[in-house]
Amino acid sequence: MAKPHKPKTVLIVEDEADVRNFASRVLELEGYRVLQAGDGPEGMRLMKEERVSLVLLDLRLPGHDGWAALQQIKSEPELSAIPIIVFTASAGVSQRKRALSMGAVGYLVKPLSAARLRKAVACILSQKR
Amino acid sequence: MCLANITMEQKFNILIVDDDVNLASNLQYILEVEGYTTRVAHDGQTALTLCREKVLDLAVIDIKLPDIPGIELIQKLTELVPGMEYIIATSYASLETAFEVIGQRHIVAYETKPLNMDHLLALIQQVVERRQAEEALREERERAYKYLDFAGVMLVAVDTNQKVTHINRKGCEILGGKEEEIVGKNWIDNFVPKKVREEVVAVFDKLMTGETESVEYFEHPVLTKPYGVTYIAWHNTVLTDEAGNIIGILCSGEDITERQLLWQKMVEYEELDKLKSNLLSTVSHELRTPLAIIKGYSTMLLDYDKRLTQEEKNEHLRSIDRATDRLTELVDHLLDMSRLEAGLLQLDKQPTIISKLMKETVAEAKVRAPSHEIVLTPTNRLPMVDIDAKRIRQVLDNIIDNAVKYSGKGTRVVVEAQRVGQELLISVADQGIGIPSDELERVFDRMYRIEQRLAPEIGGVGLGLPICKGLVEAHGGRIWVESEVDKGSTFYFILPIETRAKRRGNGQAA
């Protein structure tokens, strides 16, 4: 696994602290630089301030604004190219289709193991040049 | 004697008052030939006496009588028989007297003697025909009112001062009052609920000022006796007199209460449906989140064991532990709720020392929430009560935890228990965000989550209060809340003090 000189930055947008901390810790152990946000607006702010390579977005953010956040990010020209993997507690096929049609590159269902998380992130980021 | 004139529907009664006996007798004869019934008086007193005995329709009076002046007699007779009409006969064509009588409604004519019989008969015939026409009109009107009474809609007529002038039977039925009680009262002030008064007055004004002739359709409730409200759909039009002036408004109203109730039910069901799907997605989320934590951290501990410090590993294990607690609580809540609803919840009632229970509960609550000031009001002389201590403890814990959850750090939560008659009253008061008055009952509804609206960042499924309600009611008690938004809430519940406890306490060894 060739790692770049500068660690890539991954943003995790998730309101449950324990889940956020777990994902963040795993990715740090994998050598990524991790940023954390508790809601959509905070996530978008960080995306504009920092150079983010990948976003992990929880669709079931408070007030259901996970979907709204996905929409907004994809509609902003400076942010729309950044790949987004969504995670959610809902396993429905229609949800998956909808997320993908809205521009998400990947879909992860909770409960999530450390291995699946790291594989999904690695897969997307190794495709990037 | 001839038969009565067959065009006359009822016998017309004429009083002849003249001191000239022959004249009176002649007149009587002629009138009776025409089919009228007559009575004769030769003086005022007799005339009065006759009128007391029988109602007479018309009097032919000589102004000059031996005892009472004609005019005065007429006044007296009018008092006795208000509807009677008069033809004055006199030998003197006195202008003064003529002026006196002209214009008075009940005086038909002023004839000079010698009387022209044809003329007199013609006059009387006119009076008869007029009376018949009036009678027919009255009957017609009564029939019309009868139809109004049978109408399935309520009809209310109001005058320019908003006073009720007419109301039909359906209207009385709907309003719950008698016609006498309703007519004459101000429509707006007495029968229209405060909150719609402005709207109704606006509509009335539009009609009264001639802006529109009729207002097609609008709905507003009316106040009914004793303390009810009925929903009516109204059609209003103006009432005008012969000159075209607006004299009032006719309101035709249809009772739409049933329709309204059905509509409300429909809205309720839609809301309930929404809440149901909300609940499902909330429960799904609440279940999966602790599972995600457990899965995540346990796989992490397995995969990265060598690279983690012991400190970190312990921290993650604690997270796993907390998550399982969370899951356990949720599962317990769901099971409790199911049992309560199925009526399968079993209580293990034992005589319990309340003061001890309260002290323990509050002590542990303080440990759980060091950020708040939790106070137990001193308990004295609290009886032993037959309760399922574990369940009542559950209720108390839940309510106290809510109080902490929904109020700011450093605020007070006051817990109190007191005996009130044959009941134990327990209360938990906080200084938190409060509950709007229209939601005070709904907080105990299992599908209602106040959190979503007021404090979306506070999580939880919200089954706690419905379960508390179920548990308290299973004990034969009652639970409720009083609250003011931004000031705080106080939750109360009462438990009946079973006399069994006392008996058991006395009968058994301690």
Side-chain angles (χ1 to χ4, degrees), chain A residues 1 12-32 34 36-42 56-68 85-92 94-95 98 107-122, chain B residues 274-275 277-327 329-330 405 449-462:
Chain A
M1 246 179 295
I12 303 179
V13 186
E14 161 65 65
D15 65 317
E16 283 284 347
D18 277 337
V19 178
R20 197 172 63 226
N21 287 337
F22 142 73
S24 158
R25 191 67 183 110
V26 168
L27 294 178
E28 273 174 2
L29 288 165
E30 286 299 312
Y32 301 103
V34 181
Q36 299 187 28
D39 58 45
E42 199 190 333
L56 296 173
L57 173 66
D58 179 22
L59 284 176
R60 218 261 180 207
L61 288 175
H64 306 274
D65 78 346
W67 289 101
I85 299 177
V86 293
F87 36 64
T88 179
S90 166
S94 59
Q95 296 264 18
R98 191 174 162 212
Y107 184 97
L108 288 171
V109 181
K110 291 189 216 170
L112 187 60
S113 71
R116 255 199 317 140
L117 172 63
R118 93 167 152 264
K119 281 191 188 136
V121 170
Chain B
K274 241 187 273 173
L275 285 174
S277 42
N278 256 358
L279 184 71
L280 278 175
S281 80
T282 308
V283 170
S284 166
H285 180 258
E286 291 294 312
L287 283 172
R288 284 182 184 271
T289 304
L291 286 175
I293 294 170
I294 296 169
K295 179 82 177 173
Y297 284 127
S298 50
T299 53
M300 180 159 85
L301 287 167
L302 289 167
D303 291 353
Y304 297 90
D305 178 58
K306 304 241 170 30
R307 297 174 58 191
L308 299 169
T309 63
Q310 190 54 45
E311 178 62 51
E312 213 190 324
K313 286 190 228 183
N314 289 345
E315 202 189 303
H316 297 329
L317 286 167
R318 277 193 288 271
S319 293
I320 293 173
D321 190 28
R322 273 201 310 272
T324 48
D325 286 345
R326 205 162 132 182
L327 208 44
E329 190 185 320
L330 183 60
K405 204 154 77 156
R449 280 192 57 209
I450 189 178
E451 297 100 272
Q452 271 178 341
R453 304 226 334 270
L454 284 186
E457 66 275 4
I458 300 179
V461 180

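We name chains A, B, ... by the order of the sequence lines, and we start the count at 1 in each one. Bear in mind that the values here come from a model prediction, so they are computed numbers and not experimental data. Keep in mind that the numbers below use all heavy atoms, side chains included, and drop hydrogens, waters and symmetry copies.
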Query raised in the report: Going by heavy atoms in the side chains, are B:Asp303 and A:Leu29 under 4.5 Å from each other?
Result: no
**Report entry** Residue-level interface, residues 304-311 of chain B with chain A, non-hydrogen cut-off under 4.5 Å
**Finding:** B:Tyr304, B:Arg307, B:Leu308
Query raised in the report: Can a salt bridge be assigned to the pair A:Asp58 and A:Arg20 using a cut-off of 4.0 Å between side-chain N and carboxylate O?
Result: no
Requested in this report: Considering non-hydrogen atoms only, spot the tightest contact between B:Ala292 and A:Pro111 and give its length.
Outcome: CA-CB, 3.4 Å
Requested in this report: Check step by step if side-chain contact (heavy atoms from CB on, under 4.5 Å) holds for A:Ile85 and A:Leu57.
Outcome: CA-CA 6 Å; A:Ile85 299 177; A:Leu57 173 66; over 6 Å; no
Report task. Flag the one option from B:Leu302, B:Leu291, B:Leu301, B:Leu287 with the top tally of heavy-atom pairs under 4.5 Å to chain A. Result -> B:Leu291
Requested in this report: Against chain B, work out which of A:Val19, A:Leu117, A:Leu112 has the most heavy-atom pairs shorter than 4.5 Å and name it.
Outcome: A:Leu112
Report task. Quick one: sort the A:Phe22 and B:Tyr297 rings into parallel, tilted or perpendicular, breaks at 30° and 60°. Result -> perpendicular
Report task. Indicate the atoms forming the closest heavy-atom contact of B:Ile320 with B:Ser298, along with that distance. Result -> CD1-N, 3.7 Å
**Report entry** Structural part of A:Arg118 lying under 4.5 Å from a heavy atom of chain B
**Finding:** side chain
Report summary line: Nearest heavy-atom contact between B:Pro290 and B:Leu327 is CG-CD1, 3.6 Å
